Colleague: 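Next up is a structure, given as structure tokens.
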Amino acid sequence: MATPPPPPAPTPEVFDVVIFGASGFTGRYVIREALKFLPPSSSPLRSLALAGRSRDRVAAALRWAAGPGGAAPDLPILVADASDPASLAALAARARVVLSCAGPFRLHGRQVAAACAAAGADCLDISGEPEFMERVEAEFHEAAAKNGSLIISACGFDSIPAELGFLFHSRQWAPPSVPVTVQAYLSLESDKRIVGNFGTYESGVLGVANAGELQALRRSRPRRPRPNIPGPPPPKGSLVEHDKALGLWTIKLPSADTVVVKRTLSTVTEHPEGLPGVEESADFAEHRKSFWSSVKPAHFGVKLTSKSLLGIAQFIFTGLCIGLLGGFSFGRSLLLKFPSFFSAGWFRKSGPTEEQVSSASFKMWFVGRGYSDAARASDRGSKPDKEIITRVSGPEIGYITTPIVLVQCALVLLSQRGNLPKGGVYTPGAVFGPTDIQQRLQENGLLFDLVSTRTL
């Protein structure tokens, strides 16, 4: 009598969301935010798994996220390491959406994106590193588009508030008016001393160290189309200025936000009606086209603000240290060994305390100047005659706003996937702009306000 074949191995469970890097500084806050949306919540997040190099450390992060005295839910923990492609492939095969929280992303993010592109899993990360984002686009866009994987970087404070803030601002310019420039002013506020995540600082150091690689990458790629912006480009202006209207000192910020907004505008220049969804409804297709027709391009930049010159001096000191020492190995080792000294206390390896996090907040003003009538933009010598100011504000940027933004982006993917592109590597604004993401953020602690409109 023939021996019956063994029963087939059970198919591994596929989770709605897997948080990779769950035991890191930001990862544990992302866990805490995601737990709010598990059953019995009515959100589309029905199953959640956590992933990292150490099962024990991930379990400890879950207990922290559950809160003191709270019972930690029994969530699956997957062991995966950015240096082990097989473990990442196994992780991506079991996820609808991967939330990548392990930075610096130039060291740990590329492998996660590659695994998701190959497996057809969607991937959201919280990177603010231009070279990483653009390299992922160059290397994995075609595979992701073919396999149905949406890979979207900068789904945290970098750069959702800036992108959605720009889109919100742009849509305030009702025809025939048009903006020429939109300048964002970022104010970080706290009753306590603001302390940043060491990972953010390390990303900045490594970004300076490898600035030549970013320029080489851009030279090697076809030039992206540029939007048609009316009127002459704005003057460069001074590095440090005092803005009388805001009552703040400002300094130009070499921010990923500027890069991401420009990439979104390039995508919309290529696709004026936006990116069609893989199975979008007729209503959403009509809404998508209407949304993008109301978005007007403009020259965009970001400045960091401070109430005093001392705050600006601290930022300049940090920038000079990173710029002077980040270009050679011994200098980088000093920067990474003594972050508190070289950042004038802004960054520490221990990160901020819970009290510091809860006391912090941000405001980002968008000051747009342009023409009340687009026809005037072509008149020689004409100057902008209209100003609109909008504002985005919210809680602490790294550990509260970033998890809120990342989790809400994941919920949009889970609930509205058919209305979004089949796959590819895109910016957040290009994918999420026409969705209800702004409304979701407003319901979870971020505010979008029209501050003023005036004639110049």
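These numbers come from a predicted model, not from an experiment. We use all heavy atoms of the structure for the numbers below, so side chains are in, but hydrogens, waters and symmetry mates are not. Numbers here simply count residues along the sequence, with the first being 1.
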Colleague: For the CZ atom on Arg46, are there more than 12 heavy atoms of other groups (residues, nucleotides or ligands in this structure) within a distance under 6.0 Å?
Modeller: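 It does: Arg46 CZ has more than 12 such atoms within range.
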Colleague: Give a yes or no on whether a salt bridge exists between Glu286 and Lys289, defined as a side-chain N under 4.0 angstrom from a carboxylate O.
Modeller: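 Answer for the salt bridge query: no.
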Colleague: Output all residues satisfying ring-ring contact (aromatic ring centres under 6.0 Å, His included) with Phe25, sequence neighbours left out; order by chain, then residue number.
Modeller: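 Partners of Phe25 under the ring-ring contact (aromatic ring centres under 6.0 Å, His included) test: none.
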Colleague: Using only atom types and a distance under 3.5 Å, with no angle test, would you say the side chain of Arg417 pairs donor to acceptor with the backbone of Pro421?
Modeller: yes
Colleague: Sort out for me which residue in Asp125, Val30, Leu50, Leu88 forms a side chain to side chain contact (heavy atoms under 4.5 Å, CB included) with Phe20.
Modeller: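 With Phe20 as partner, side chain to side chain contact (heavy atoms under 4.5 Å, CB included) holds for just one option, Leu88.
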Colleague: Going from CG on Leu420 to CG on Leu275, what distance comes out if it is rounded to the nearest 0.5 angstrom?
Modeller: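 Output value for this atom pair is 9.5 Å.
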Colleague: How many angstroms lie between OH in Tyr399 and CD in Glu33, if you round to the nearest 0.5 Å?
Modeller: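 Reported value, rounded in 0.5 Å steps: 15.5 Å.
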Colleague: For the pair Asp122 (side chain) and Leu150 (backbone), establish whether a donor and an acceptor sit closer than 3.5 Å, ignoring hydrogens and angles.
Modeller: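 Yes; judged by distance alone, with no hydrogens or angles, the pair exists.
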Colleague: Mind checking the CD-NZ spacing from Glu279 to Lys422? Nearest 0.5 Å is all I need.
Modeller: 10.5 Å
Colleague: To the nearest 0.5 Å, what is the distance between OG on Ser361 and CG on Leu188?
Modeller: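 Interatomic distance, Ser361 OG to Leu188 CG, rounded to 0.5 Å: 8.5 Å.
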Colleague: I need the Leu446 CG to Ile160 CD1 distance, nearest 0.5 Å.
Modeller: 10.0 Å
Colleague: Parallel, tilted or perpendicular: which describes the rings of Phe341 and Phe317, with under 30° parallel and over 60° perpendicular?
Modeller: perpendicular
Colleague: Look up atom NZ in Lys303 and atom CG in Leu246, then write down how far apart they are to the nearest 0.5 Å.
Modeller: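 Interatomic distance, Lys303 NZ to Leu246 CG, rounded to 0.5 Å: 10.5 Å.
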Colleague: Report the relative orientation of the aromatic rings in Tyr426 and His141; use parallel for angles under 30°, tilted for 30 to 60°, perpendicular for over 60°.
Modeller: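 Because their plane-to-plane angle is over 60°, the rings of Tyr426 and His141 count as perpendicular.
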Colleague: Relative to each other, are the rings of Tyr201 and Phe347 parallel, tilted or perpendicular (30° and 60° limits)?
Modeller: tilted
Colleague: I'd like to know if the side chain of Thr250 reaches the main chain of His242, judged simply by a donor and an acceptor atom lying under 3.5 Å from each other, with no hydrogens or angles considered.
Modeller: no
Colleague: Please verify the inter-ring angle class for Tyr29 with Trp64; under 30° counts as parallel, over 60° as perpendicular, anything in between as tilted.
Modeller: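 Geometry flag for Trp64 against Tyr29: perpendicular rings.
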Colleague: Yes or no on salt bridge (charged side-chain N to carboxylate O under 4.0 Å, His left out) for Glu134 and Arg224, after CA distance, side-chain angles and deciding distance?
Modeller: CA-CA 12 Å; Glu134 294 180 38; Arg224 296 288 299 272; over 6 Å; no
Colleague: Are the side chain of Ser393 and the backbone of Phe362 linked by a donor-acceptor contact shorter than 3.5 Å?
Modeller: no
